[in-house]
Amino acid sequence: MGRRRRWKTKGLSAPIVSTDADPVTRSIALHGSRVAIAAGRRWRVVDVSSQAEVHSDTTHEGAVRGIQFSADGQYLLTCGDDKTARSWKTADWSCLRVLKSSKKACACAFSQDGRHLLFADRFGDVLVAATTPAAAAAAAAAAAAAAAANTNAAAAEAEEPALLLGHLQAIITSLTSGLVSSSGQQLLVSTDRDGKVRASVLPADPTKGSYEIHNYCLGHTNFVTCSAAVPAAAAVAAGSSSLLMTGGGDGTVRLWDADTGRQLASYVASEQPQQQEQQPKDGQEQQQEAAADAAAQAAVEGQQEVQLLQLQQGADSGAASLQLLQKLAFEDVANPAAVAFDGEGRLWVVGGVLLLDTESAHVGVAAREAAGGGFTPVTQQLLPGSLCDFLD
Amino acid sequence: MRKRERSETANEGAADAPQSKAIAKHPRKAMYRARAHSNPFNDNTTFDVPVHPEQVDWSEHYPERCSKPGETSTSGQQQHDSLVRFADVGCGFGGLIVKLAPLYPDKLMLGMEIRDKVAAYVCERIACLRREHPGQYQNISCMRSNAMKYLPNYFRKGQLEKLFFLFPDPHFKVANHRRRIIQPCLLTEYAHIMAPGGWLYTITDVPELGEWMRSKLEAHPMFDPVPEEELEADPAAGLLAAASEEAQKVARNEGKTFRAVFRRRESPREL
């Protein structure tokens, strides 16, 4: 396929071109006592307090690539390879809206107030729509006739979203909302496979589009796979209005001040192999999350242990660093793929076997014994076996 | 084509060897021919892309204006602004930046071109001009890069004062309109690297493209049109239709050109 290219080591590394089918994805989202797990086409919700699986769904006709709760837990958002994003009401798990994209949807998020859903497709477009049909109808009140027909759609039909912004011709890997600039503007962070991390201003009505980039956080030398907002308390302690963490194919987890675009700290989660030719399987991918007490976790593709990092302030203000706290292995969870923290500081991880089209998922939970101490798995104490091992 | 090149250079080399050291021979376009079209979405790893604007060593492009990173600048350099302020995206054979250089001697200008050979031609041309006119043309340079994807890697937020898009590729097919260099998503990026009040210049000889670019710029909340009176007073605007090689070709064929110049606002317009 063309002449052999000489990979250069300076600057950005060569992108890894995947020749296999799309990899297996599993994702996890948490709110209150509810855990949403997506694997293959199926997504489930487990309620920890009632110890029951409250919902299981295969409406998506392709693998589910992203799953998120809104900040208040009233809505759930899923998006997937069937080129749709769907918003769901968590009270009764009814599907509120179905939005379609022209390419497979690979990342999704709610706006901070939960009134709008955002999702990205593989063209690099970030699309936006109101979360509920009622809100959509209210917004379209001017065009009265069409709006009235949509308000009571029991089975929601696929609708067109609006374009929020685009990373030209770059696959977007994650969307993170909730960050705020120093001037009080809501920011949306989008990361892509070109190594770019972009913080854009999210206006009050995002369906009109976002036209202002607040800043870029440039530093990753390979594709970026994940991003997470550091909770406000920890950010303020570090002297910033918004801290962001990202992880990527260069094997690093980086901490940024999203307001200025400055890189504050970096942690090497896995070493790059010496030879530059990388097979897609060996590419380093990471998922990570930040928690209330400034701990973060990173799951690296190919490694069986989840790495837990601690954000530490240096002696002189501004010298933040990420230190390895602990490497944690869950014995029932092979290939940890996605990680999340819950409201009580517990660490959740989902993984499983790497077979195409599988809907199996294994869930693990770990908790800290004491503040500042290490994490230990507590899966058995929290959930019965049927609720943490889902097999096909 | 190859045979002619070899015999020519052999003859010229022998005869002109003593002269070529004294008089800089300008590069000949015939030696640097390339197809007009280049796919901007190709895998672009055959040239280095900096990860961050701080990583770029501008002293390679402007040796008398910029010091190497880490070196303290000499007293002569400190008077000059050491950041690139004008960028010509798709500079082709360099006609515009060569004519702009003497008009704004204090401003650093960069031509960006995705085609390898053409960018090499422009660099050669600038090197010859610098030798022929000592002290001049020190403020222009050319870089081979893909501006559609990597502008934020080279320029900081609010850095550029002028951004030029002269005779861009029209991409006539509707399916290829995504590749046009003036489009809403990219305009947001251009607004990011431009300083408030900076000017974005476009010109084309294709009527439909002219209409497209004007309408996209008008629709984007970060740009306002520049009134005609201000355009007439601007030296750069006057050069658009005459300076670059493509402009001269259009003039030879007596084509009509469509110019659209917009100013980057301080903050977005209310929609």
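We name chains A, B, ... by the order of the sequence lines, and we start the count at 1 in each one.
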Between B:Glu54 and chain A, with a heavy-atom cut-off of 4.5 Å, which part of the residue counts as in contact: side chain, backbone, both or neither? neither
Side chain, backbone, both or neither: which part of B:Arg178 has a heavy atom under 4.5 Å from chain A? both
How about residues 197-226 of chain B versus chain A: which residues have heavy atoms under 4.5 Å apart? B:His220, B:Pro221, B:Met222
A:Tyr216/B:His52 aromatic ring centres below 6.0 Å: no
Got a donor-acceptor contact below 3.5 angstrom from the B:Lys157 side chain to the A:His214 backbone? yes
Strictly distance-based, threshold 3.5 Å: is any side-chain N or O of A:Lys196 a donor or acceptor partner for the main-chain N or O of B:Lys149? yes
Flag the pair A:Glu212 / B:Thr188 as yes when at least one side-chain heavy-atom distance between them is below 4.5 Å, and no otherwise. no
Step-by-step side chain to side chain contact (heavy atoms under 4.5 Å, CB included) determination, B:Gln55 to A:Leu218: CA-CA 11 Å; B:Gln55 264 192 10; A:Leu218 297 175; over 6 Å; no
What part of A:Asp125 gets within 4.5 angstrom of chain B, counting heavy atoms only: side chain, backbone, both, or neither? side chain
Turns out that what part of A:Ser200 lies under 4.5 Å from chain B's heavy atoms comes down to neither
For A:Leu165 and B:Cys185, the nearest pair of non-hydrogen atoms, with its separation, is C-SG, 4.1 Å
Do you know the tightest heavy-atom contact between B:Met148 and A:Leu168? CE-CD2, 3.4 Å
Other residues, nucleotides, ligands: >12 heavy atoms within 6.0 Å of A:Arg115 CZ: no
